[in-house]
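No experiment lies behind these values; they were computed from the predicted model shown. Proteins come first, then strands; the chains are lettered A, B, ... in the order of their sequence lines, and each starts at number 1.
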Protein chains: 2
Amino acid sequence: MTSATTRPPRPNAGTKGVARPEREAQIIEAGCRLFGEHGYLATSVADVADAAGISKPLIYNYFGSKDGLHVACVKHASAVLVSEIERTAALGAVGFARAVVTLDGMFRLLEPRPWLWRVVFDATAPREGEAQTWLAEHERRIMDFGREGVAELMHLAGNDDPLDIDAMRAAWESIFRALVNWWLDHPGESPEEMTHRCLRLFRTVFGELDLSGTALT
Amino acid sequence: MTSATTRPPRPNAGTKGVARPEREAQIIEAGCRLFGEHGYLATSVADVADAAGISKPLIYNYFGSKDGLHVACVKHASAVLVSEIERTAALGAVGFARAVVTLDGMFRLLEPRPWLWRVVFDATAPREGEAQTWLAEHERRIMDFGREGVAELMHLAGNDDPLDIDAMRAAWESIFRALVNWWLDHPGESPEEMTHRCLRLFRTVFGELDLSGTALT
DNA sequence: AAGAGTTAACTTACTCAGGAGTCATATCGA
DNA sequence: TCGATATGACTCCTGAGTAAGTTAACTCTT
(Lines give C-alpha, C1' and ligand atoms only; values in the text may rest on other atoms or scores of the structure.)
Protein backbone atom coordinates (compact mmCIF):
# COMPACT_ATOMS: atom_id res chain seq x y z
CA MET A 1 0.00 0.00 0.00
CA THR A 2 2.18 2.65 1.02
CA SER A 3 4.46 1.42 -1.68
CA ALA A 4 1.58 2.71 -3.60
CA THR A 5 2.41 4.80 -6.57
CA THR A 6 5.54 3.89 -8.37
CA ARG A 7 3.79 5.35 -11.39
CA PRO A 8 3.13 9.03 -11.30
CA PRO A 9 -0.54 9.68 -10.67
CA ARG A 10 -2.29 9.56 -14.01
CA PRO A 11 -5.46 11.38 -13.34
CA ASN A 12 -8.60 11.76 -15.24
CA ALA A 13 -8.29 11.80 -18.97
CA GLY A 14 -11.62 11.63 -20.63
CA THR A 15 -13.46 10.86 -17.44
CA LYS A 16 -15.61 13.91 -17.21
CA GLY A 17 -17.81 13.26 -20.17
CA VAL A 18 -19.38 16.70 -20.37
CA ALA A 19 -21.31 17.07 -23.61
CA ARG A 20 -19.69 19.21 -26.24
CA PRO A 21 -22.25 22.05 -26.37
CA GLU A 22 -22.11 22.46 -22.62
CA ARG A 23 -18.31 22.41 -22.61
CA GLU A 24 -18.18 24.91 -25.46
CA ALA A 25 -20.45 27.22 -23.53
CA GLN A 26 -18.19 26.98 -20.47
CA ILE A 27 -15.13 27.72 -22.57
CA ILE A 28 -16.78 30.68 -24.28
CA GLU A 29 -17.86 32.02 -20.91
CA ALA A 30 -14.28 31.87 -19.62
CA GLY A 31 -12.94 33.22 -22.91
CA CYS A 32 -15.26 36.23 -22.86
CA ARG A 33 -14.18 37.04 -19.35
CA LEU A 34 -10.46 36.88 -20.09
CA PHE A 35 -10.60 38.49 -23.55
CA GLY A 36 -12.78 41.23 -22.09
CA GLU A 37 -10.70 41.87 -19.01
CA HIS A 38 -7.22 41.64 -20.53
CA GLY A 39 -7.75 41.99 -24.28
CA TYR A 40 -7.04 39.57 -27.10
CA LEU A 41 -3.28 39.98 -27.27
CA ALA A 42 -2.74 39.67 -23.53
CA THR A 43 -4.85 36.52 -23.20
CA SER A 44 -3.33 33.11 -23.91
CA VAL A 45 -5.19 29.98 -24.84
CA ALA A 46 -3.70 28.28 -21.79
CA ASP A 47 -5.21 31.01 -19.58
CA VAL A 48 -8.64 30.30 -20.99
CA ALA A 49 -8.18 26.56 -20.55
CA ASP A 50 -7.22 27.06 -16.91
CA ALA A 51 -10.14 29.37 -16.26
CA ALA A 52 -12.53 26.88 -17.85
CA GLY A 53 -11.03 24.03 -15.86
CA ILE A 54 -9.97 22.00 -18.89
CA SER A 55 -6.83 21.54 -20.96
CA LYS A 56 -5.55 23.47 -23.93
CA PRO A 57 -5.91 20.78 -26.61
CA LEU A 58 -9.62 20.56 -25.93
CA ILE A 59 -9.95 24.17 -26.99
CA TYR A 60 -8.10 23.42 -30.22
CA ASN A 61 -10.27 20.40 -30.70
CA TYR A 62 -13.44 22.45 -30.42
CA PHE A 63 -12.42 25.83 -31.87
CA GLY A 64 -9.44 25.06 -34.10
CA SER A 65 -7.27 28.02 -33.20
CA LYS A 66 -6.97 31.01 -30.91
CA ASP A 67 -8.69 33.02 -33.60
CA GLY A 68 -11.52 30.52 -33.79
CA LEU A 69 -12.02 30.76 -30.04
CA HIS A 70 -11.93 34.52 -30.22
CA VAL A 71 -14.51 34.64 -32.98
CA ALA A 72 -16.81 32.38 -30.98
CA CYS A 73 -16.47 34.68 -27.97
CA VAL A 74 -17.10 37.82 -30.01
CA LYS A 75 -20.13 36.20 -31.62
CA HIS A 76 -21.53 35.32 -28.23
CA ALA A 77 -20.86 38.70 -26.67
CA SER A 78 -22.16 40.72 -29.56
CA ALA A 79 -25.27 38.56 -29.85
CA VAL A 80 -26.04 39.37 -26.23
CA LEU A 81 -25.48 43.08 -26.72
CA VAL A 82 -27.38 43.27 -29.99
CA SER A 83 -30.40 41.49 -28.59
CA GLU A 84 -30.51 43.92 -25.67
CA ILE A 85 -30.27 46.89 -28.03
CA GLU A 86 -33.05 45.53 -30.18
CA ARG A 87 -35.19 45.01 -27.11
CA THR A 88 -34.85 48.62 -25.99
CA ALA A 89 -35.22 49.85 -29.56
CA ALA A 90 -38.63 48.20 -29.67
CA LEU A 91 -39.72 50.26 -26.66
CA GLY A 92 -40.45 53.15 -28.96
CA ALA A 93 -38.55 56.03 -27.40
CA VAL A 94 -37.24 58.64 -29.84
CA GLY A 95 -34.40 61.12 -30.01
CA PHE A 96 -32.19 61.54 -26.99
CA ALA A 97 -34.69 59.73 -24.79
CA ARG A 98 -34.05 56.65 -26.88
CA ALA A 99 -30.34 57.03 -26.29
CA VAL A 100 -30.87 57.14 -22.54
CA VAL A 101 -33.21 54.14 -22.65
CA THR A 102 -30.59 52.22 -24.61
CA LEU A 103 -27.87 53.19 -22.17
CA ASP A 104 -30.09 52.16 -19.27
CA GLY A 105 -30.64 48.73 -20.78
CA MET A 106 -26.92 48.37 -21.42
CA PHE A 107 -26.01 49.23 -17.85
CA ARG A 108 -28.45 46.67 -16.47
CA LEU A 109 -27.28 44.03 -18.91
CA LEU A 110 -23.60 44.59 -18.19
CA GLU A 111 -23.80 44.84 -14.43
CA PRO A 112 -23.34 41.11 -13.74
CA ARG A 113 -20.80 40.62 -16.57
CA PRO A 114 -19.17 43.93 -17.47
CA TRP A 115 -16.41 42.29 -19.45
CA LEU A 116 -18.78 41.50 -22.33
CA TRP A 117 -18.57 45.10 -23.49
CA ARG A 118 -14.84 45.08 -23.99
CA VAL A 119 -14.95 41.74 -25.79
CA VAL A 120 -16.66 43.51 -28.66
CA PHE A 121 -14.79 46.80 -28.39
CA ASP A 122 -11.33 45.37 -27.94
CA ALA A 123 -8.60 47.59 -29.29
CA THR A 124 -6.05 44.78 -29.11
CA ALA A 125 -8.05 42.47 -31.36
CA PRO A 126 -6.25 42.00 -34.67
CA ARG A 127 -7.88 44.30 -37.19
CA GLU A 128 -6.39 42.36 -40.05
CA GLY A 129 -7.14 38.71 -40.60
CA GLU A 130 -10.22 37.47 -42.39
CA ALA A 131 -11.88 36.22 -39.26
CA GLN A 132 -11.87 39.72 -37.83
CA THR A 133 -13.42 41.46 -40.79
CA TRP A 134 -16.37 39.94 -39.16
CA LEU A 135 -15.78 41.72 -35.88
CA ALA A 136 -16.05 45.14 -37.49
CA GLU A 137 -19.41 44.04 -38.86
CA HIS A 138 -20.67 43.29 -35.38
CA GLU A 139 -19.35 46.48 -33.87
CA ARG A 140 -21.25 48.22 -36.63
CA ARG A 141 -24.47 46.36 -35.90
CA ILE A 142 -24.23 47.35 -32.27
CA MET A 143 -23.72 50.98 -33.12
CA ASP A 144 -26.06 51.15 -36.06
CA PHE A 145 -29.05 52.08 -34.00
CA GLY A 146 -27.72 55.62 -33.65
CA ARG A 147 -27.11 56.17 -37.33
CA GLU A 148 -30.62 57.09 -38.39
CA GLY A 149 -31.03 59.48 -35.51
CA VAL A 150 -27.89 61.33 -36.48
CA ALA A 151 -28.88 61.51 -40.13
CA GLU A 152 -32.25 62.92 -39.18
CA LEU A 153 -30.74 65.52 -36.87
CA MET A 154 -28.39 66.61 -39.61
CA HIS A 155 -31.16 66.70 -42.20
CA LEU A 156 -33.28 68.93 -39.99
CA ALA A 157 -30.30 71.26 -39.76
CA GLY A 158 -30.11 71.31 -43.55
CA ASN A 159 -26.94 69.27 -43.86
CA ASP A 160 -27.03 66.12 -45.96
CA ASP A 161 -23.32 65.80 -46.70
CA PRO A 162 -22.62 62.08 -46.26
CA LEU A 163 -19.15 62.64 -44.84
CA ASP A 164 -20.49 65.19 -42.36
CA ILE A 165 -23.11 62.66 -41.33
CA ASP A 166 -20.50 59.94 -40.94
CA ALA A 167 -18.24 62.13 -38.82
CA MET A 168 -21.18 63.13 -36.64
CA ARG A 169 -22.11 59.49 -36.26
CA ALA A 170 -18.55 58.71 -35.16
CA ALA A 171 -18.73 61.48 -32.58
CA TRP A 172 -22.09 60.30 -31.34
CA GLU A 173 -20.97 56.70 -31.01
CA SER A 174 -17.94 57.84 -29.11
CA ILE A 175 -20.16 59.54 -26.56
CA PHE A 176 -22.14 56.37 -26.09
CA ARG A 177 -18.96 54.38 -25.68
CA ALA A 178 -17.43 56.95 -23.37
CA LEU A 179 -20.40 56.87 -21.02
CA VAL A 180 -20.36 53.07 -20.85
CA ASN A 181 -16.60 53.07 -20.33
CA TRP A 182 -16.85 55.73 -17.63
CA TRP A 183 -19.40 53.59 -15.83
CA LEU A 184 -17.25 50.47 -16.17
CA ASP A 185 -14.44 52.45 -14.56
CA HIS A 186 -16.66 53.37 -11.59
CA PRO A 187 -17.74 50.00 -10.24
CA GLY A 188 -19.58 51.41 -7.24
CA GLU A 189 -22.26 53.01 -9.40
CA SER A 190 -25.56 51.19 -9.84
CA PRO A 191 -27.26 51.11 -13.25
CA GLU A 192 -30.07 53.30 -11.90
CA GLU A 193 -27.67 55.94 -10.64
CA MET A 194 -25.75 55.93 -13.90
CA THR A 195 -28.88 56.25 -15.98
CA HIS A 196 -29.93 59.29 -14.00
CA ARG A 197 -26.46 60.72 -14.35
CA CYS A 198 -26.76 60.34 -18.11
CA LEU A 199 -30.15 62.00 -18.00
CA ARG A 200 -28.67 65.00 -16.16
CA LEU A 201 -25.83 65.27 -18.66
CA PHE A 202 -28.08 65.09 -21.71
CA ARG A 203 -30.39 67.71 -20.17
CA THR A 204 -27.46 70.00 -19.51
CA VAL A 205 -26.44 69.99 -23.16
CA PHE A 206 -29.67 69.42 -25.05
CA GLY A 207 -32.35 70.76 -22.72
CA GLU A 208 -35.39 68.90 -21.44
CA LEU A 209 -36.01 65.44 -22.93
CA ASP A 210 -39.29 63.89 -23.97
CA LEU A 211 -39.52 60.88 -21.64
CA SER A 212 -43.14 60.04 -22.37
CA GLY A 213 -43.62 56.38 -23.13
CA THR A 214 -40.46 55.36 -21.29
CA ALA A 215 -40.08 53.81 -17.90
CA LEU A 216 -37.70 56.61 -16.98
CA THR A 217 -38.41 59.42 -14.59
CA MET B 1 39.90 27.36 -54.03
CA THR B 2 39.45 30.51 -53.01
CA SER B 3 39.61 29.08 -49.60
CA ALA B 4 39.50 32.72 -49.16
CA THR B 5 37.17 33.55 -46.40
CA THR B 6 37.28 30.89 -43.81
CA ARG B 7 35.97 33.61 -41.56
CA PRO B 8 32.54 34.93 -42.37
CA PRO B 9 32.58 38.54 -43.42
CA ARG B 10 32.59 40.71 -40.31
CA PRO B 11 31.34 44.06 -41.48
CA ASN B 12 31.13 47.41 -39.92
CA ALA B 13 30.80 47.49 -36.19
CA GLY B 14 31.23 50.88 -34.67
CA THR B 15 32.25 52.50 -37.91
CA LYS B 16 29.41 54.90 -38.28
CA GLY B 17 30.26 57.16 -35.39
CA VAL B 18 26.93 58.96 -35.06
CA ALA B 19 26.73 60.92 -31.81
CA ARG B 20 24.43 59.51 -29.19
CA PRO B 21 21.83 62.32 -29.08
CA GLU B 22 21.40 62.23 -32.83
CA ARG B 23 21.11 58.44 -32.83
CA GLU B 24 18.61 58.53 -29.99
CA ALA B 25 16.50 60.98 -31.94
CA GLN B 26 16.55 58.71 -34.98
CA ILE B 27 15.55 55.72 -32.88
CA ILE B 28 12.74 57.63 -31.19
CA GLU B 29 11.49 58.80 -34.55
CA ALA B 30 11.35 55.23 -35.84
CA GLY B 31 9.88 54.00 -32.55
CA CYS B 32 7.08 56.58 -32.62
CA ARG B 33 6.18 55.57 -36.13
CA LEU B 34 6.01 51.85 -35.37
CA PHE B 35 4.42 52.13 -31.93
CA GLY B 36 1.89 54.54 -33.39
CA GLU B 37 1.06 52.50 -36.46
CA HIS B 38 1.01 49.02 -34.93
CA GLY B 39 0.69 49.56 -31.19
CA TYR B 40 3.07 48.68 -28.37
CA LEU B 41 2.35 44.96 -28.19
CA ALA B 42 2.60 44.37 -31.93
CA THR B 43 5.92 46.22 -32.26
CA SER B 44 9.18 44.41 -31.55
CA VAL B 45 12.46 46.01 -30.61
CA ALA B 46 14.02 44.39 -33.67
CA ASP B 47 11.43 46.11 -35.87
CA VAL B 48 12.43 49.47 -34.45
CA ALA B 49 16.11 48.70 -34.90
CA ASP B 50 15.52 47.78 -38.54
CA ALA B 51 13.47 50.90 -39.19
CA ALA B 52 16.16 53.06 -37.59
CA GLY B 53 18.87 51.32 -39.60
CA ILE B 54 20.80 50.10 -36.56
CA SER B 55 21.02 46.93 -34.50
CA LYS B 56 18.99 45.80 -31.51
CA PRO B 57 21.73 45.92 -28.85
CA LEU B 58 22.23 49.60 -29.54
CA ILE B 59 18.65 50.25 -28.46
CA TYR B 60 19.25 48.35 -25.24
CA ASN B 61 22.46 50.26 -24.77
CA TYR B 62 20.65 53.61 -25.03
CA PHE B 63 17.21 52.87 -23.59
CA GLY B 64 17.71 49.85 -21.36
CA SER B 65 14.56 47.95 -22.26
CA LYS B 66 11.57 47.91 -24.54
CA ASP B 67 9.71 49.77 -21.84
CA GLY B 68 12.44 52.39 -21.67
CA LEU B 69 12.25 52.91 -25.42
CA HIS B 70 8.50 53.13 -25.24
CA VAL B 71 8.60 55.72 -22.49
CA ALA B 72 11.04 57.82 -24.50
CA CYS B 73 8.73 57.67 -27.51
CA VAL B 74 5.66 58.58 -25.48
CA LYS B 75 7.53 61.45 -23.87
CA HIS B 76 8.54 62.77 -27.26
CA ALA B 77 5.11 62.38 -28.83
CA SER B 78 3.21 63.86 -25.94
CA ALA B 79 5.63 66.77 -25.66
CA VAL B 80 4.93 67.62 -29.29
CA LEU B 81 1.18 67.39 -28.82
CA VAL B 82 1.16 69.30 -25.55
CA SER B 83 3.21 72.15 -26.94
CA GLU B 84 0.82 72.48 -29.85
CA ILE B 85 -2.15 72.51 -27.51
CA GLU B 86 -0.56 75.16 -25.36
CA ARG B 87 0.19 77.23 -28.42
CA THR B 88 -3.43 77.24 -29.55
CA ALA B 89 -4.63 77.71 -25.99
CA ALA B 90 -2.68 80.97 -25.87
CA LEU B 91 -4.61 82.24 -28.88
CA GLY B 92 -7.44 83.26 -26.58
CA ALA B 93 -10.47 81.63 -28.16
CA VAL B 94 -13.19 80.56 -25.71
CA GLY B 95 -15.91 77.94 -25.54
CA PHE B 96 -16.52 75.77 -28.56
CA ALA B 97 -14.49 78.11 -30.77
CA ARG B 98 -11.49 77.19 -28.67
CA ALA B 99 -12.20 73.53 -29.27
CA VAL B 100 -12.26 74.06 -33.02
CA VAL B 101 -9.06 76.10 -32.90
CA THR B 102 -7.40 73.31 -30.94
CA LEU B 103 -8.62 70.70 -33.39
CA ASP B 104 -7.38 72.81 -36.28
CA GLY B 105 -3.91 73.03 -34.75
CA MET B 106 -3.92 69.30 -34.12
CA PHE B 107 -4.85 68.48 -37.72
CA ARG B 108 -2.08 70.67 -39.07
CA LEU B 109 0.43 69.24 -36.62
CA LEU B 110 -0.47 65.62 -37.35
CA GLU B 111 -0.69 65.86 -41.11
CA PRO B 112 2.98 65.05 -41.79
CA ARG B 113 3.23 62.49 -38.98
CA PRO B 114 -0.22 61.17 -38.06
CA TRP B 115 1.16 58.26 -36.06
CA LEU B 116 2.15 60.55 -33.20
CA TRP B 117 -1.45 60.66 -32.04
CA ARG B 118 -1.76 56.93 -31.53
CA VAL B 119 1.56 56.75 -29.72
CA VAL B 120 -0.06 58.61 -26.86
CA PHE B 121 -3.51 57.03 -27.13
CA ASP B 122 -2.36 53.45 -27.56
CA ALA B 123 -4.79 50.89 -26.22
CA THR B 124 -2.18 48.13 -26.34
CA ALA B 125 0.28 49.98 -24.11
CA PRO B 126 0.58 48.17 -20.78
CA ARG B 127 -1.60 50.01 -18.29
CA GLU B 128 0.19 48.39 -15.39
CA GLY B 129 3.90 48.82 -14.81
CA GLU B 130 5.40 51.78 -13.07
CA ALA B 131 6.77 53.29 -16.24
CA GLN B 132 3.27 53.59 -17.63
CA THR B 133 1.73 55.31 -14.68
CA TRP B 134 3.50 58.11 -16.34
CA LEU B 135 1.66 57.65 -19.60
CA ALA B 136 -1.70 58.22 -17.99
CA GLU B 137 -0.32 61.49 -16.62
CA HIS B 138 0.54 62.65 -20.13
CA GLU B 139 -2.76 61.60 -21.61
CA ARG B 140 -4.32 63.65 -18.86
CA ARG B 141 -2.20 66.70 -19.61
CA ILE B 142 -3.19 66.53 -23.25
CA MET B 143 -6.84 66.33 -22.40
CA ASP B 144 -6.79 68.71 -19.44
CA PHE B 145 -7.42 71.75 -21.53
CA GLY B 146 -11.06 70.74 -21.89
CA ARG B 147 -11.66 70.20 -18.22
CA GLU B 148 -12.21 73.81 -17.17
CA GLY B 149 -14.55 74.43 -20.06
CA VAL B 150 -16.71 71.48 -19.09
CA ALA B 151 -16.78 72.50 -15.43
CA GLU B 152 -17.86 76.00 -16.39
CA LEU B 153 -20.61 74.74 -18.69
CA MET B 154 -21.92 72.50 -15.93
CA HIS B 155 -21.72 75.28 -13.36
CA LEU B 156 -23.75 77.60 -15.57
CA ALA B 157 -26.35 74.85 -15.80
CA GLY B 158 -26.41 74.65 -12.00
CA ASN B 159 -24.68 71.29 -11.69
CA ASP B 160 -21.52 71.09 -9.59
CA ASP B 161 -21.57 67.37 -8.85
CA PRO B 162 -17.93 66.31 -9.29
CA LEU B 163 -18.83 62.92 -10.73
CA ASP B 164 -21.23 64.48 -13.21
CA ILE B 165 -18.47 66.83 -14.24
CA ASP B 166 -16.02 63.98 -14.62
CA ALA B 167 -18.41 61.94 -16.74
CA MET B 168 -19.12 64.98 -18.91
CA ARG B 169 -15.40 65.55 -19.31
CA ALA B 170 -14.98 61.93 -20.41
CA ALA B 171 -17.74 62.36 -22.98
CA TRP B 172 -16.23 65.60 -24.23
CA GLU B 173 -12.75 64.13 -24.55
CA SER B 174 -14.19 61.23 -26.46
CA ILE B 175 -15.67 63.61 -29.01
CA PHE B 176 -12.32 65.28 -29.48
CA ARG B 177 -10.63 61.91 -29.89
CA ALA B 178 -13.36 60.63 -32.21
CA LEU B 179 -12.98 63.61 -34.55
CA VAL B 180 -9.22 63.20 -34.71
CA ASN B 181 -9.57 59.46 -35.24
CA TRP B 182 -12.18 59.96 -37.94
CA TRP B 183 -9.81 62.30 -39.73
CA LEU B 184 -6.92 59.85 -39.40
CA ASP B 185 -9.17 57.24 -41.01
CA HIS B 186 -9.88 59.54 -43.97
CA PRO B 187 -6.42 60.30 -45.34
CA GLY B 188 -7.64 62.26 -48.33
CA GLU B 189 -8.95 65.09 -46.17
CA SER B 190 -6.84 68.21 -45.73
CA PRO B 191 -6.60 69.90 -42.31
CA GLU B 192 -8.51 72.90 -43.67
CA GLU B 193 -11.37 70.77 -44.93
CA MET B 194 -11.54 68.86 -41.67
CA THR B 195 -11.56 72.00 -39.59
CA HIS B 196 -14.51 73.33 -41.56
CA ARG B 197 -16.25 70.01 -41.21
CA CYS B 198 -15.84 70.28 -37.46
CA LEU B 199 -17.18 73.81 -37.56
CA ARG B 200 -20.30 72.64 -39.38
CA LEU B 201 -20.84 69.82 -36.90
CA PHE B 202 -20.45 72.05 -33.86
CA ARG B 203 -22.82 74.59 -35.37
CA THR B 204 -25.39 71.89 -36.04
CA VAL B 205 -25.46 70.87 -32.40
CA PHE B 206 -24.59 74.04 -30.51
CA GLY B 207 -25.66 76.84 -32.85
CA GLU B 208 -23.52 79.69 -34.09
CA LEU B 209 -20.03 79.97 -32.61
CA ASP B 210 -18.16 83.08 -31.56
CA LEU B 211 -15.17 83.02 -33.90
CA SER B 212 -13.97 86.54 -33.16
CA GLY B 213 -10.29 86.66 -32.40
CA THR B 214 -9.58 83.44 -34.24
CA ALA B 215 -8.08 82.91 -37.65
CA LEU B 216 -11.10 80.81 -38.55
CA THR B 217 -13.87 81.74 -40.91
C1' DA C 1 -26.22 -10.26 -19.33
C1' DA C 2 -21.47 -10.15 -20.75
C1' DG C 3 -18.11 -9.23 -23.62
C1' DA C 4 -16.21 -6.72 -28.22
C1' DG C 5 -15.89 -2.69 -30.95
C1' DT C 6 -16.57 2.28 -31.71
C1' DT C 7 -16.59 6.87 -30.65
C1' DA C 8 -16.49 11.16 -28.04
C1' DA C 9 -14.23 13.49 -24.37
C1' DC C 10 -9.98 14.53 -22.46
C1' DT C 11 -4.99 14.71 -21.07
C1' DT C 12 0.26 14.76 -20.85
C1' DA C 13 4.09 15.92 -23.10
C1' DC C 14 5.92 17.48 -26.62
C1' DT C 15 7.56 20.87 -31.11
C1' DC C 16 8.38 25.18 -33.01
C1' DA C 17 8.58 30.23 -33.76
C1' DG C 18 9.18 34.72 -32.27
C1' DG C 19 10.66 38.18 -29.31
C1' DA C 20 13.10 40.20 -25.02
C1' DG C 21 17.39 40.69 -23.40
C1' DT C 22 22.80 39.62 -23.05
C1' DC C 23 27.78 38.81 -24.23
C1' DA C 24 31.86 39.06 -26.38
C1' DT C 25 33.89 41.46 -29.68
C1' DA C 26 35.07 44.95 -33.51
C1' DT C 27 36.05 49.76 -35.23
C1' DC C 28 37.57 54.30 -34.76
C1' DG C 29 38.59 59.04 -33.08
C1' DA C 30 41.06 61.47 -29.47
C1' DT D 1 45.32 53.03 -25.27
C1' DC D 2 40.79 54.27 -23.82
C1' DG D 3 36.01 55.17 -24.28
C1' DA D 4 32.10 55.67 -27.33
C1' DT D 5 29.76 53.61 -31.06
C1' DA D 6 28.35 49.58 -32.87
C1' DT D 7 27.30 44.50 -34.11
C1' DG D 8 26.70 39.06 -34.79
C1' DA D 9 25.49 35.45 -32.33
C1' DC D 10 23.91 33.88 -28.82
C1' DT D 11 20.32 32.48 -24.36
C1' DC D 12 15.95 31.98 -22.50
C1' DC D 13 11.15 32.20 -22.09
C1' DT D 14 6.49 32.45 -23.55
C1' DG D 15 2.82 31.06 -26.14
C1' DA D 16 0.58 28.81 -30.37
C1' DG D 17 -0.23 24.57 -32.08
C1' DT D 18 0.29 19.09 -32.29
C1' DA D 19 0.90 13.96 -31.51
C1' DA D 20 -0.25 10.20 -29.24
C1' DG D 21 -2.42 8.06 -25.94
C1' DT D 22 -6.20 7.28 -21.91
C1' DT D 23 -10.85 6.82 -20.09
C1' DA D 24 -15.61 6.16 -20.18
C1' DA D 25 -19.87 5.77 -22.33
C1' DC D 26 -22.57 3.98 -25.78
C1' DT D 27 -23.38 0.69 -29.16
C1' DC D 28 -23.80 -4.18 -31.15
C1' DT D 29 -23.61 -8.69 -30.86
C1' DT D 30 -24.45 -13.64 -29.09
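Not a single salt bridge (charged side-chain N to carboxylate O under 4.0 Å, His left out) links A:Arg141 to another residue, sequence neighbours left out. Applying the salt bridge (charged side-chain N to carboxylate O under 4.0 Å, His left out) test to A:Arg169 and every residue at least two apart in sequence or in another chain returns A:Asp166, A:Glu173.
Rounded to 10°, the helix from C:dA1-D:dT30 to C:dA30-D:dT1 has 10° between the axis fitted to its first five pairs and the one fitted to its last five.
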Decide side-chain contact (heavy atoms from CB on, under 4.5 Å) for B:Leu163 and A:His186; before the verdict, give the C-alpha distance in whole Å, the side-chain angles of both, and the deciding distance to 0.1 Å. CA-CA 10 Å; B:Leu163 286 178; A:His186 292 74; 4.3 Å; yes
Go through A:Arg197 and B:Asp161 one step at a time and tell me if the side-chain contact (heavy atoms from CB on, under 4.5 Å) criterion holds. CA-CA 10 Å; A:Arg197 192 182 299 289; B:Asp161 180 313; 3.8 Å; yes
Any chance you could lay out the side-chain contact (heavy atoms from CB on, under 4.5 Å) test for B:Phe121 and B:Val180, step after step, and finish with the verdict? CA-CA 11 Å; B:Phe121 298 99; B:Val180 175; over 6 Å; no
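Within residues 26-35 of chain A, no residue is approached by DNA chain C to less than 4.0 Å at the level of any non-hydrogen atom.
Across all strands shown, A:Tyr62 has heavy atoms under 4.0 Å from sugar-phosphate atoms exclusively, and none from any base.
When rounded to the nearest whole Å, the span between CG of B:Asp50 and P of D:dG8 equals 11 Å. The CZ-C1' distance, from A:Phe63 to D:dA16, rounds to 16 Å in whole Å. Rounding to whole angstrom units, CD1 of residue A:Ile59 and P of D:dG15 are separated by 14 Å. When rounded to the nearest whole Å, the span between CG of A:Leu58 and P of D:dA16 equals 16 Å. To the nearest angstrom, P of D:dT22 lies 18 Å from CG of A:Asn61. Regarding A:His70, its NE2 atom lies at a distance of 13 Å from the P atom of D:dG17, rounded to whole Å.
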Write down the protein N/O and nucleotide N/O pairs, taken from nucleotides 19-23 of chain C, whose separation is under 3.5 Å; answer none if there are no such pairs.
{"from": "C:dA20", "atom 1": "OP1", "to": "B:Lys66", "atom 2": "NZ", "distance (Å)": "2.9"}
{"from": "C:dA20", "atom 1": "OP2", "to": "B:Val45", "atom 2": "N", "distance (Å)": "3.0"}
{"from": "C:dA20", "atom 1": "N7", "to": "B:Lys56", "atom 2": "NZ", "distance (Å)": "3.4"}
{"from": "C:dG21", "atom 1": "OP2", "to": "B:Tyr60", "atom 2": "OH", "distance (Å)": "3.3"}
{"from": "C:dG21", "atom 1": "OP2", "to": "B:Lys66", "atom 2": "N", "distance (Å)": "3.0"}
{"from": "C:dG21", "atom 1": "N7", "to": "B:Lys56", "atom 2": "NZ", "distance (Å)": "2.9"}
{"from": "C:dG21", "atom 1": "O6", "to": "B:Lys56", "atom 2": "NZ", "distance (Å)": "2.5"}

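Dashed line: the shortest gap from a side-chain N or O of A:Arg20 to OP1 or OP2 of C:dC10 is not under 4.0 Å. Residue B:Arg23 places at least one side-chain N or O under 4.0 Å from the OP1 or OP2 atom of D:dA6.
For the atom pair OG1 (A:Thr204) and CG (B:Asp164), the distance works out to 7.5 Å, reported to the nearest 0.5 Å. The line from CG of B:Leu135 to SG of B:Cys73 is 11.5 Å long, rounded to the nearest 0.5 Å.
Within the 4.5 Å cutoff, side-chain heavy atoms of B:Trp183 are placed close to those of B:Glu111. Contact annotation: the side chain of B:Ile54 never approaches that of B:Val18 to less than 4.5 Å [non-hydrogen atoms, C-beta and beyond].
Counting only residues at least two apart or on different chains, the side-chain hydrogen bond (donor to acceptor under 3.5 Å, both in side chains) pairs with a member in residues 62-73 of chain B are B:Tyr40-B:Asp67, B:His70-B:Gln132.
Residue B:Glu189 qualifies as enclosed at atom CD: its count of foreign heavy atoms under 6.0 Å is above 12.
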